[in-house]
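Heads up, the thing below is written out as structure tokens.
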There are 4 protein chains.
Amino acid sequence: MFELDVRSRKPIYEQLVEKLKQLIINDVLKEDEKLPSVRDLAQQLTINPNTIQKAYRELESQGYIYSVKGKGSFVNPVQPTKNTEELKKVREELKKLFAEAIYLGMTSEEIQALLHEVQGGEQDD
Amino acid sequence: MFELDVRSRKPIYEQLVEKLKQLIINDVLKEDEKLPSVRDLAQQLTINPNTIQKAYRELESQGYIYSVKGKGSFVNPVQPTKNTEELKKVREELKKLFAEAIYLGMTSEEIQALLHEVQGGEQDD
Amino acid sequence: MFELDVRSRKPIYEQLVEKLKQLIINDVLKEDEKLPSVRDLAQQLTINPNTIQKAYRELESQGYIYSVKGKGSFVNPVQPTKNTEELKKVREELKKLFAEAIYLGMTSEEIQALLHEVQGGEQDD
Amino acid sequence: MFELDVRSRKPIYEQLVEKLKQLIINDVLKEDEKLPSVRDLAQQLTINPNTIQKAYRELESQGYIYSVKGKGSFVNPVQPTKNTEELKKVREELKKLFAEAIYLGMTSEEIQALLHEVQGGEQDD
DNA sequence: GTGGTCTAGACCACT
DNA sequence: GTGGTCTAGACCACC
């Protein structure tokens with residue numbers, strides 16, 4: 001299900017957060033769907049349950065999931081209002097990346113192609 | 001000149017690397033222009049010189065600047081050949097960000113507008 | 001395990017990088033094998049841990065090892081794609097050394113003998 | 001005549017030593033031929049005369065040239081006896097480089113081709 | 001004066 | 001306990 005890279009400089013829990021975000025964003029994990037339990041996922045990925053829990057906590061605080069005591073963790077519906085802060089960050093990040101991509105030689109056509117590629121995948125799911 | 005957040009989770013030297021990259025990419029620091037000396041910048045930012053040096057070294061190994069003992073550190077001309085590795089990373093990053101931006105409600109029109117905004121600034125310099 | 005020359009003009013961390021490279025190249029340290037911890041090696045060699053870390057970091061950025069926070073540093077499998085830059089350097093170095101060896105009186109037979117000697121050892125492991 | 005790389009991490013005087021060695025090795029500078037004067041070379045290369053002098057001193061101590069007060073510096077005839085020490089170093093260096101080249105994927109055929117290339121150039125000069 | 005190396009020692013993040 | 005970051009302060013090599 002996941003491919004975690006122990007070699008990466010990025011901490012494992014951050015990788016997990018990112019992967020799960022991707023799954024939610026790409027609608028693989030639908031609204032109110034239950035995430036795998038901490039213990040199950042830990043066993044599946046052969047990593048420490050604490051690490052999983054840390055990832056879930058992070059996702060919760062970012063508003064992507066919610067936890068119900070004794071039942072598990074579930075995907076949050078999108079809350080457009082709450083995300084203005086995050087949108088601002090994403091905009092800033094995009095600007096930086098665009099500048100860097102152009103500096104490294106990418107044309108705006110290539111960048112747009114990439115965008116449409118992602119967008120196409122989005123709709124297909 | 002810079003605004004560093006000492007409290008941030010991101011290491012100071014990485015923040016520095018990013019800021020300096022921005023300056024180079026946006027042509028504020030031109031080719032072969034001298035960067036502030038390690039000691040000067042350290043004093044200016046009230047940061048340890050070693051930290052500055054770490055940032056400079058990182059920028060050097062990424063090909064953005066070069067350092068000459070006894071003379072200083074200077075901006076490198078772009079080397080399109082050497083940056084294939086970095087381009088790959090940027091492409092991956094862009095894909096992730098696009099997905100996230102769309103998830104948060106941005107339309108592809110908005111994203112493209114942002115791209116053109118950056119590109120415009122680029123050409124004006 | 002290592003013999004470092006603290007008096008040498010070559011920085012300690014560079015000596016370390018070289019020695020460790022040798023061990024990896026000669027398969028003394030196998031793929032994914034754990035390197036000694038920064039602190040352990042520092043104590044063993046009576047050298048400051050920062051110096052060891054600098055060496056490890058250099059090896060990491062050259063693609064020979066990878067480091068995982070909280071776990072340790074490990075030998076990387078060879079990545080033939082990523083090393084084009086380094087190969088170029090090695091080729092240049094070889095050319096220079098060949099010229100010097102010939103100047104000092106070595107015949108090309110002697111040089112080839114040396115090559116086969118090394119190659120033999122390589123295959124025996 | 002020379003191409004010095006100020007960008008290089010290698011000190012300029014070392015680059016000079018290497019270049020001059022090459023010229024001697026490749027017989028561009030013949031036995032007892034006069035080297036350019038320190039001041040001339042300094043002006044030609046637009047670098048500090050002290051740097052040139054340091055390079056000449058180094059070459060002298062390595063036995064490649066000799067200096068005559070008031071007359072200049074001259075190329076030394078090869079002294080096979082004196083070079084056993086250096087030969088030993090070169091042999092060690094070659095072994096290391098061979099191992100590294102093989103590790104990075106070069107075949108012994110490629111290496112030998114490189115050798116013959118250098119050797120050919122040697123005889124042509 | 002410039003970058004580069006090294007030490008000693010503190011503190012943090014991850015597992 | 002692991003690697004990673006940062007500081008303070010010393011000394012060296014190069015130009």
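Only this structure's heavy atoms are used, side chains among them; waters, hydrogens and symmetry mates stay out. In what follows, every chain begins at residue 1, and chains take the letters A, B, ... in the order their sequences are listed. These numbers were taken from a predicted model, which means no experiment stands behind them.
Across the interface with DNA chain E, nearest-nucleotide mapping of A:Glu14 and C:Val6 shows C:Val6 to be the residue nearer the 5′ end.
When the C1' atom of F:dT7 is taken as reference, atom CG of B:Leu16 falls 15 Å away, rounded to whole Å. Summarising the geometry, the separation between CD on C:Glu58 and C1' on F:dG3 is reported as 17 Å, rounded to the nearest angstrom. Whole-Å rounding puts the C:Ile52 CD1 to E:dA8 P distance at 12 Å. At whole-Å resolution of the value, CZ in B:Arg57 and C1' in E:dT2 are 16 Å apart. Summarising the geometry, the separation between CZ on D:Arg7 and P on F:dC14 is reported as 21 Å, rounded to the nearest angstrom. Taking atom CG on C:Leu59 and atom C1' on F:dG3, their separation rounds to 15 Å, with Å as the unit. Nucleotide F:dG3 holds its P atom 11 Å from the CD atom of C:Glu60, rounded to whole Å. Regarding C:Gln43, its CD atom lies at a distance of 15 Å from the C1' atom of E:dT7, rounded to whole Å.
Under 4.0 angstrom from either OP1 or OP2 of E:dT5 there lies at least one side-chain N or O belonging to C:Lys54. Contact between the side-chain N/O atoms of C:Arg9 and the OP1/OP2 oxygens of F:dC14 is found at a separation under 4.0 Å. A sub-4.0 Å separation between OP1 or OP2 of E:dG4 and a side-chain N or O of B:Gln53 is present. Under 4.0 angstrom from either OP1 or OP2 of E:dT5 there lies no side-chain N or O belonging to C:Thr51.
Across all strands, B:Ile47 comes closer than 4.0 Å only to sugar-phosphate atoms, never to a base (heavy-atom distances). Nucleic acid contact for C:Tyr13: sugar-phosphate only, since backbone atoms but no base atoms lie under 4.0 Å from a heavy atom of the residue. Among the atoms of the strands shown, only primed sugar atoms or phosphate atoms (P, OP1, OP2) are found under 4.0 Å from some heavy atom of A:Ile12.
The distance between the ring centers of D:Tyr103 and C:Tyr64 falls below 6.0 angstrom.
A donor-acceptor contact shorter than 3.5 Å links the side chain of B:Gln15 to the backbone of B:Lys10. A donor-acceptor pair is defined here as one N or O able to donate and one able to accept, closer than 3.5 Å; such a pair exists between the side chain of D:Asn76 and the backbone of D:Gly63.
Taking 4.5 Å as the limit, some side-chain heavy atom of C:Glu60 sits within range of a side-chain heavy atom of A:Arg9. Considering only heavy atoms from C-beta on, C:Arg39 stays 4.5 Å or farther from C:Gln53 through its side chain.
Among the duplex regions that DNA chain F forms, those built from at least three successive Watson-Crick or G-U pairs under 3.5 Å are E:1-14 with F:1-14, ordered by first number.
Taken from CD1 in D:Ile65 to CD1 in D:Ile24, the straight-line distance is 6.5 Å, to the nearest 0.5 Å.
Taking the salt bridge (Lys or Arg N to Asp or Glu O under 4.0 Å) definition, one finds that A:Lys54 meets it with nothing, sequence neighbours left out. Partners of C:Glu93 according to the salt bridge (Lys or Arg N to Asp or Glu O under 4.0 Å) rule, which considers only residues two or more places apart in sequence or in another chain, do not exist here. Residues that satisfy the salt bridge (Lys or Arg N to Asp or Glu O under 4.0 Å) test with C:Glu100, not counting sequence neighbours, are D:Lys21.
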Between the protein and nucleotides 9-11 of chain E, list every N/O to N/O distance that falls short of 3.5 Å.
residue : atom : partner : partner atom : Å
E:dG9   : O6   : C:Asn50 : ND2          : 3.1

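Between A:Leu94 and B:Ala101, the shortest heavy-atom distance links the atoms CD1-CB, 4.3 Å.
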For this session: I would like to know whether C:Lys34 and C:Ser73 meet side chain to side chain contact (heavy atoms under 4.5 Å, CB included); could you show each step before the answer?
Result: CA-CA 6 Å; C:Lys34 189 174 176 300; C:Ser73 299; over 6 Å; no

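With 3.5 Å as the limit, one finds no donor-acceptor pair spanning the side chains of D:Gln22 and D:Glu18.
Residues from residues 68-75 of chain B that place a heavy atom under 4.0 Å from any atom of DNA chain F, listed by number: B:Lys69, B:Gly70.
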